[in-house]
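First the structure, in the form of structure tokens, and then the observations on it.
Numbered from 1 within each chain, the chains take letters A, B, ... in sequence-line order.
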Protein chains: 2
Amino acid sequence: MQTYSARASRIPAAVVMRAATNLPTAIAVAPIRRNFGKGEELFAEGDKAEYFYKVVSGTVRTAKLLSDGRRQIDAFHLPGDVFGLESSEDHRFAAEAIDNVVVEAYRKSQFARLLHDDPEFGQKLMSTMLRNLERAHEHMVLLGRKTAQEKMATFLLDMAERLHKGDQVELSMQRTDIADHLGLTIETVSRTLTQMVRDGLIKLAAAGRTIILSDRAGLQQLNS
Amino acid sequence: MQTYSARASRIPAAVVMRAATNLPTAIAVAPIRRNFGKGEELFAEGDKAEYFYKVVSGTVRTAKLLSDGRRQIDAFHLPGDVFGLESSEDHRFAAEAIDNVVVEAYRKSQFARLLHDDPEFGQKLMSTMLRNLERAHEHMVLLGRKTAQEKMATFLLDMAERLHKGDQVELSMQRTDIADHLGLTIETVSRTLTQMVRDGLIKLAAAGRTIILSDRAGLQQLNS
DNA sequence: CGCTCTCTTGAGCCCGCTCAACGACAGTGG
DNA sequence: CCACTGTCGTTGAGCGGGCTCAAGAGAGCG
């Protein structure tokens, strides 16, 4: 299931040290770097939750499935984001690489020790998880109360902000992923986007994967 | 907006000390007890996030609003639940008492110090917040991918479990709250419940506020 | 008893879903 | 080089689950 194409020995020590001091001021415990190819599974729902991760490059989706295959993607994780930390023994959701992904894996077992040795570590990690919780709250409003247009507008503005490439949004995920993230079908995602093009809100390029926000104000209005 | 009907002096010292050692093994910092009446606001969206809370008795709802008044209740908080801890300066959602509520308020400013002095405190609090995050993930599946029937079934089973009163679920919240929690309208909530009665899944009593789960297996099947 | 708040029920509509077809590429192999 | 195949995105037609609008039924309370 998992690939370990990059191991500590192949990564220059300087890089490892920078990585180690990056998330929190963890001194002794260097994270493990791992590479995953497009579509590969970092972990599945029900796997033992040995590690949690920080994205270095690429995009990771975390998702839950219903028994009949319906899927909800709770978040896309971009470089800098932390995911996979859970209170239970097992992972309650799956994580998959959307494109080529590099992550830093932190051992959960060292977690308690780290928290004890370095309270600042705990504080930073806590604030990271609290930000995840806030995002989840925001997303629940979207899922429960927004229309298809509003969902797309919110999604595009959010992605634009997180990718900080101005008005040009290069989506790494396909329509199915967007649909499962926004609680829509792929057809509705597609239709909503073309309608937004007609309304002059956005422009599509590069096989629909690149989206240019040509009317931010208009999108913002849909964002409530 | 807020009422402080119970202050330290009115609470026996013994009770305060028990409360203090209850959530975590916090030694020095006793939480403040506060009472709120039905419908009262503990804090509003945008308020300075000075405290976070643990429910002692009653039910609290936390909610976010869209500009036109659409509401999403992200969670109901029952005795023992912790809420209101956020990474930002301000509260990103509102908290209101559904019935008569008693909470313990913890100062956020003492939070960093506590984390430093007592790492175990941090660990427990972290695991509490991680459980909140898991609940949020679970709820996103419900909001994004479940039908009205499935939403109600999940909600009823979850409430039954959390209230641990067996098959008898005494709902403290009204239909509007349930609707805004499940991403439905009040009419759909009502219709779904009556349909469940017809299907022999549940029984209604006490003006619809008490629900008896007469066919758990049937409900579980809807829960996926 | 009348007032208000909450919940239920009915009728009809619409947004987003389902089902289906098609177009645009990108491999891949002969 | 082109035919074949699979993946991904778009578009159309029609349907239906849950919404809107509206009225009525209970329940609690002064």
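- Look at CG on Leu182(B): it is 12 Å from P on dG18(D), rounded to the nearest Å.
- Looking only at distances, a side-chain donor or acceptor of Thr154(A) sits under 3.5 Å from a matching main-chain atom of Glu150(A).
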Shorter than 3.5 Å, N or O on both sides, protein versus nucleotides 5-9 of chain C: list them out with atom names.
unit_1 : atom_1 : unit_2    : atom_2 : d
dT6(C) : OP1    : Gln174(B) : OE1    : 3.1
dC7(C) : OP1    : Arg209(B) : NE     : 2.9
dC7(C) : OP1    : Arg209(B) : NH2    : 3.4
dC7(C) : OP2    : Arg175(B) : N      : 3.0
dT8(C) : OP1    : Arg175(B) : NH2    : 3.2
dT8(C) : OP2    : Arg175(B) : NE     : 2.9
dT8(C) : OP2    : Ser190(B) : OG     : 2.8
dT8(C) : O5'    : Ser190(B) : OG     : 3.0
dT9(C) : OP2    : Thr194(B) : OG1    : 3.4

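- If you take CD1 of Ile211(A) and C1' of dG9(D), they are 12 Å apart, rounded to a whole angstrom.
- Atom-to-atom, CG of Asp180(B) to P of dG18(D) comes out at 17 Å; the value is rounded to the nearest Å.
- With salt bridges taken as basic N to acidic carboxylate O contacts below 4.0 Å, none links Glu86(B) and Arg92(B).
- Taking 4.5 Å as the limit, some side-chain heavy atom of Phe76(B) sits within range of a side-chain heavy atom of Phe155(B).
- Other residues, nucleotides and ligands place no more than 12 heavy atoms under 6.0 Å from the CD atom of Gln221(B).
- Between the NZ atom of Lys146(A) and the C1' atom of dC15(C) there is a distance of 18 Å, given to the nearest Å.
- Arg70(B) has its CZ atom 13 Å from the P atom of dC15(C), to the nearest Å.
- Both tests pass for Arg34(A) against the ring of Tyr51(A): distance under 6.0 Å to the centre and angle within 45° of the axis.
- Asp68(B) places its CG atom 11 Å from the P atom of dT20(D), with the value rounded to the nearest Å.
- A donor-acceptor pair is defined here as one N or O able to donate and one able to accept, closer than 3.5 Å; no such pair exists between the side chain of Thr188(A) and the backbone of Leu184(A).
- Salt bridge status for Asp90(A) with Lys48(A): present, with a side-chain N to carboxylate O gap under 4.0 Å.
- Atom-to-atom, CD of Gln149(B) to P of dG16(D) comes out at 17 Å; the value is rounded to the nearest Å.
- In this structure, the separation between OG1 on Thr59(A) and CG on Asp177(A) is 10.0 Å, given to the nearest 0.5 Å.
- At a threshold of 4.0 angstrom between heavy atoms, the contacts of Gly183(A) are confined to the sugar-phosphate backbone, with no base atom among them.
- Within residues 60-67 of chain B, no residue has a heavy atom under 4.0 Å from DNA chain D.
- Aromatic rings from Tyr53(B) and Phe43(B) are positioned such that their centres are separated by under 6.0 Å.
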